[in-house]
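Everything below concerns the one structure shown next.
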Amino acid sequence: MITTTLPDQNAAEQTFESFGLDARILRALSEQGYTKPTPIQAQAIPVVLLGKDVMGAAQTGTGKTAGFALPIIQRLLPMANASASPARHPVRALMLTPTRELADQVYDNVARYAKHTDLRSTVVFGGVDMNPQTDALRRGVEILVATPGRLLDHVQQKSVNLSQVQMLVLDEADRMLDMGFLPDLQRIINLLPAQRQTLLFSATFSPEIKRLAASYLKQPVTIEVARSNSTNENVRQMVYQVEDGQKQAAVVHLLRQRAEQGLSKQCIVFVNSKIGCSRLARHLEREGINAAAIHGDKTQTERMQTLEGFKNGTIDALVATDVAARGLDIADMPCVINFDLPFSAEDYVHRIGRTGRAGASGDALSIFVPGDERLLADIEKLIKRSVPRGTLEGFDPTGEKARQEDSDRRRQRADVRRARGNGDGEGEDRRRRHDHGGSRSAFRPSDDPFFSRPYEPSPNSASAKPADEMIAAALSRGRQAPKRPVAALLGGAPRKS
DNA sequence: AAAAAAC
């Protein structure tokens, strides 16, 4: 085997053979083309093989999944097809993830690494039919990958038994806390034997995460591949300031500029709201860019199709909410654009963590408008460095000219529509169909030239709001009850010993 | 300010 010696402090000269992994696992690895462990794998595999608890700081794309999956498979091998009756469906290893897509990806990896063994695995997550999942669980699996909500659903239906779980993985644990999964997590963990091995992975080590670790891990070994809360050195970060209402044009400009420079067109554009996400995707498409939106109001099928399209290259710009900020394993993402600066600085770290992975270089570009000062300051404080300010070559940040052309074009389109008598009904998302489905016409706010054109303050109203906000306010329904603070929940939790 | 996740 050829190993490249890098000036790397941890992983130099190491091979998968040197961990003493079973020949069946090594065979699967070589079929996958894996030759040399990544730094996180080099650190995690021996520790997990020893049965120790692990607190791991690593983002997706560092090879983290193999870092826990390989040693777990190794440790479960003696139990494959063991005497336990399948009627008891004893799950031995449970891997929990915050999003459905991540669950699916982790499962996909596990299944590939274990393909030459007798170990069985499956994945359960929401948004899809429960019955096939129930059937798989009843047939019996040693390794189960799941999102918390659907797993509890199966637990209630008694289609799975967690009393024999010896290994628990909490993947992207910080995200699970952000998403309010702590109560579900606690309910699940209470069903597991206290005697078990627990691995917790998180991109950031917030106080809440440390607290979670203190509750559920026993003398964990800490593994870090990068300084916590830091961003990758090989990612070129940049912010571009434009006027309010020029953000869409700025993104179009950035994407075209990259295409002209012969850079890869593939790009994730992050947006803060689901509505803004759909709107930007539509705008990019109108500008002739292959774009698609992915967010939580899309059906699971749409989400999977969009991701597939992005992976096979029919989609260049994936416009996403933070559903895609963490965990989506998209190889070699050359560029991430923040259309909106994220509300939380930690989300910035996660978003730009989609690029520059496994040593590749990447661009993380952010659009900045007046009013974003605080958000940017928080980000720079967290990553402990300033993000360089760039200028968009050949772009008019006030957008006077573009605004004029744009509104002319929109007026023409509105005329055409009036002549036709209704909207065109293309690509809507569930929320919107729901809210407007029963109305007398196919009217949608985005069809109205007023809502679509760049924001201009109304001359008679000092409190005019940008179109985005107006639409968001008009469509917002069914708000969730405020979350209880994480610390309060942890404080009230029964402590595992 | 928002997003995500069980029916």
Side-chain angles (χ1 to χ4, degrees), chain A residues 96-104 123-134 137 145-160 170-188 203 244 268-280 293-300 302-303 307 319-328 338-351 369-376 378 429-431 465-484 486:
Chain A
L96 297 177
T97 72
T99 68
R100 299 163 181 175
E101 280 82 2
L102 183 56
D104 207 28
V123 60
V124 301
F125 52 76
V128 294
D129 191 359
M130 272 189 92
N131 293 325
Q133 298 178 354
T134 306
L137 290 172
V145 187
T147 51
R150 180 54 69 92
L151 176 62
L152 283 171
D153 220 350
H154 282 292
V155 166
Q156 273 176 353
Q157 307 210 355
K158 303 239 188 294
S159 41
V160 66
L170 303 174
D171 201 6
E172 310 271 352
D174 46 352
R175 186 58 162 178
M176 292 209 245
L177 294 192
D178 288 353
M179 286 167 47
F181 272 141
L182 188 55
D184 283 355
L185 228 46
Q186 286 173 330
R187 269 188 280 162
I188 292 167
D244 225 343
I268 301 186
V269 186
F270 281 107
V271 180
N272 283 355
S273 74
K274 290 183 275 201
I275 288 168
C277 180
S278 289
R279 294 184 82 227
L280 179 61
I294 186 165
H295 59 66
D297 276 354
K298 297 281 188 187
T299 64
Q300 196 57 31
E302 285 173 319
R303 279 163 66 163
L307 267 188
V319 185
T321 60
D322 282 314
V323 68
R326 309 185 196 198
L328 291 194
N338 288 307
F339 175 80
D340 296 315
L341 282 179
F343 293 126
S344 101
E346 288 197 352
D347 281 335
Y348 178 84
V349 176
H350 285 285
R351 287 180 180 187
V369 292
D372 283 346
E373 292 82 5
R374 182 58 194 273
L375 296 176
L376 187 58
D378 287 350
D429 57 52
R430 267 193 295 158
R431 162 72 65 94
K465 285 184 168 182
D468 281 11
E469 280 179 48
M470 296 181 64
I471 295 173
L475 294 183
S476 77
R477 298 240 172 113
R479 287 253 172 276
Q480 294 178 350
K483 267 191 312 201
R484 276 208 283 158
V486 167

> For A:Asp340 and B:dA1, what is the distance between atoms CG and P respectively, to the nearest whole Å?
Replying inline: 15 Å
> A:Lys274 side chain: which of B:dA6, B:dA2, B:dA3 is closest?
Replying inline: B:dA3
> When you check the phosphate oxygens OP1 and OP2 of B:dA1, does a side-chain N or O of A:Ser273 lie under 4.0 Å from one of them?
Replying inline: no
> Phosphate oxygens OP1/OP2 of B:dA6: is one of them under 4.0 Å from a side-chain N or O of A:Thr147?
Replying inline: yes
> Taking side chain as C-beta onward, heavy atoms only, is A:Asp372 less than 4.5 Å from A:Val369?
Replying inline: yes
> How long is the line joining NE2 of A:His350 and P of B:dA3, in whole Å?
Replying inline: 18 Å
>> Measuring to OP1 and OP2 of B:dA6, would you say a side-chain N or O of A:Arg100 lies under 4.0 angstrom away?
In response: yes
>> Rounded to whole Å, please give me the gap between NE2 in A:His154 and P in B:dA6.
In response: 10 Å
> Touch check for A:Asp153, heavy atoms < 4.0 angstrom, all strands: base, sugar-phosphate only, or nothing?
Replying inline: base
>> Applying a 4.0 Å non-hydrogen cut-off, can you work out what A:Arg303 is touching in the nucleic acid: base, sugar-phosphate, or nothing?
In response: sugar-phosphate
> So, do A:Arg351 and A:Ile268 sit near enough that their side-chain heavy atoms are less than 4.5 Å apart?
Replying inline: no
> Please give, in whole Å, the distance from B:dA6 P to A:Arg187 CZ?
Replying inline: 12 Å
> How many Å lie between CZ on A:Phe339 and P on B:dA2, as a whole number?
Replying inline: 15 Å
>> Applying side chain to side chain donor-acceptor pair (under 3.5 Å), can you list everything that pairs with A:Asp378, at least two apart in sequence or on another chain?
In response: A:Arg374
> What integer distance in Å separates A:Phe343:CZ from B:dA2:C1'?
Replying inline: 5 Å
> Picking from B:dA1, B:dA4, B:dA2, which would you name as closest to the side chain of A:Leu375?
Replying inline: B:dA1
> Once you round to the nearest 0.5 Å, how far does CG of A:Leu102 lie from CG of A:Asp171?
Replying inline: 5.0 Å
> Over how many whole Å does the gap from A:Ile294 atom CD1 to B:dA3 atom P extend?
Replying inline: 15 Å
>> If the condition is side chain to side chain donor-acceptor pair (under 3.5 Å), which residues does A:Asp153 pass it with, not counting sequence neighbours?
In response: none
>> How many whole angstroms separate atom CD of A:Gln300 from atom C1' of B:dA6?
In response: 13 Å
